Amino acid sequence: MSVPTKILQNQIMQEEGQRLKEVFHLEIHSLKGPQNYLKLDDFHRVLHRSESNRLFTRFKMQLLIWLTETETGDLDEIGQLYRYQHFLPELVHDGKLSKKSLFATEDFWKRGQEKAKTSRVLLTNHAYLVTRLEDNPEFVDNRLVILDEAQKMLLALENLAQQAYRLEDLVTQIEKSLESVENLVQKRLLESIGFECRYLMEHYQSGLKNGKWLDSLEHLRQHFSELALPEYRELANFFTSDREFWLATAEKSSKDVLICSSKKGRFILADLLPEDCRLLGVSATLEISNRVSLADLLGFPDAPLVKLDVAKQEQQEVFLVDDFPLVTEVSPVDYASEVVSVIRRLQAFQEPILVLFTSKEMLLAVSDLLDQPHLAQYKNGEPSQLKKRFEKGERQILLGTGSFWEGVDFSTHPCVIQVIPRLPFQNPQEPLTKKLNQELRQEGKNPFYDYQLPMAIIRLKQALGRTVRRSDQGSVAVILDSRVVSKRYGKQIAQALSKERDVQVLSREQLEPAVADFLQSRRNRMKEKSQKEKR
């Protein structure tokens, strides 16, 4: 079974995995990439090293205690791991194990791989699944592969087609090479490459956008095509290949500038799977629109489709705010300020608030303006750690994006208020969106109405489902993006949402009374239910 995120993978292991073991006596084994595990050889080396950093010393002590308890070596088991992110690169596994290793029989990564060969039920995530399928498709031979949230496989396959290098790392590597390279021509080429990398970093940080750096890219292509040093062969292939290039910032640090590329065309899942493998895709909707189906996009045009009726969610209500500033007509800072004002007013209800963003930039802008205590992705740790802290009640407000839209269930809180500042349309500049738009146009289809709009509706439905996982759970969802009311396509979004839950259009002034009414009626229902159970 493959799920879209590691958070959901961990959640299933703790909950459904435990039930499978208790009821059916089935062992479920979790498979992740090597970087999720501690490498004992590296820890052994670091353990004998004296540290000037007291936090790292404490972390090593914590790891020693954890090693007496863990059976998997999965670093996600460690509490508050986000505090030690700076120390992890030299401790995580790289997927390689020397025969001379002191820990050849104890190595967590190797043991996990061996256990996977005999386990009847394997649980993994889409990112790891596609990587394994590219390297070793036989690992799913004679297996039934279940894809949960199958629509997320499109993005996992696109990530497989992409490569990225941190420009700072390239500059460091070049500086080291310059100390030892004697050939004058090769030395000049390295200096020129280093100059271009520094130029790109400085100018991207100062506001240079993709499209204004093509000259620099051409210079890099030329320099790498002439570079004859074997240690740069992989980089030379990267820069000289026929791919699409762009600049971006690293997810964990906006100071790190990445040069990214994607191969032309998409990876198709059907091409990666071996013949002796059955596939079952599960999603909120596999039929994206009347003219586009997910099965077609994954390479299975003849796949049968099974639909299940969905009951209306009585315990959730959606409010569409019709007088919020149009996101396309105000500055990001002003929009963030308006979002903050709504969060402050909703906090008066003393219920947990989950705010789902479509971009890192808007999330951080709101976090910077919000003076109430809160948890923010990119600031306060990994998504899995944030989820745990939010569910424990450490903070009443959680700002999240990415996996929080589709890959996390919030089932412990009796009631949650969700805030969605912007409709989740895919970025038209993303490589996957560009590729799919081009494919659909070639087939005579409308990329927006046949794919982009239906996918945004699917994503909204997925997000709304995060906070109603139990029959006794209540949820209010507030969609601030007024395009859902003012634009022609907004009617389709509202109609689609109203099929499964009550939807109201209201102003900002009406929002607080409407939320108060919902919470009061919910308390009354819970009170009546409790009295009936007592009788």
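Just so we're clear, the structure is a prediction, and the values are computed from it rather than from any experiment.
- Cation-pi geometry between K360 and Y378 is met: the NZ or CZ atom falls under 6.0 Å from the ring centre, inside 45° of the normal.
- Within the 4.5 Å cutoff, the side chain of Q9 has heavy atoms near those of the S30 side chain.
- Between D371 and R344 there is a salt bridge, with a side-chain nitrogen of the basic residue lying less than 4.0 Å from a carboxylate oxygen of the acidic one.
- If you run side-chain hydrogen bond (donor to acceptor under 3.5 Å, both in side chains) between K32 and each of T124, T72, D76, only D76 comes through.
- A salt bridge links E149 to R466: one of the charged nitrogens lies within less than 4.0 Å of a carboxylate oxygen.
- For the pair L519 and E351, the minimum side-chain heavy-atom distance is below 4.5 Å.
- Remark: E314 does not engage R522 in a salt bridge, criterion side-chain N to carboxylate O under 4.0 Å.
- Residues K117 and E114 are paired through a salt bridge, judged by an N-O separation under 4.0 Å between the basic side chain and the carboxylate.
- Comment: D481 does not engage K487 in a salt bridge, judged by the lack of any side-chain N to carboxylate O separation of less than 4.0 angstrom.
- A cation-pi arrangement, defined by a distance under 6.0 Å to the six-membered ring centre and an angle within 45 degrees of its axis, is absent between K392 and F390.
- Less than 6.0 angstrom separates the ring centroid of Y335 from the ring centroid of F324.
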Please walk me through it: do F87 and F56 pass ring pair (Phe, Tyr, Trp, His ring centres under 6.0 Å)?
CA-CA 7 Å; F87 313 129; F56 199 179; 4.3 Å; yes

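- Ring centroid separation for the pair F103 and H44 comes in under the 6.0 Å cut-off.
- Annotation: F59 is in aromatic contact with Y84 [ring centroid separation under 6.0 Å].
- Cation-pi geometry between R132 and F139 is met: under 6.0 angstrom from the ring centre, within 45 degrees of the axis.
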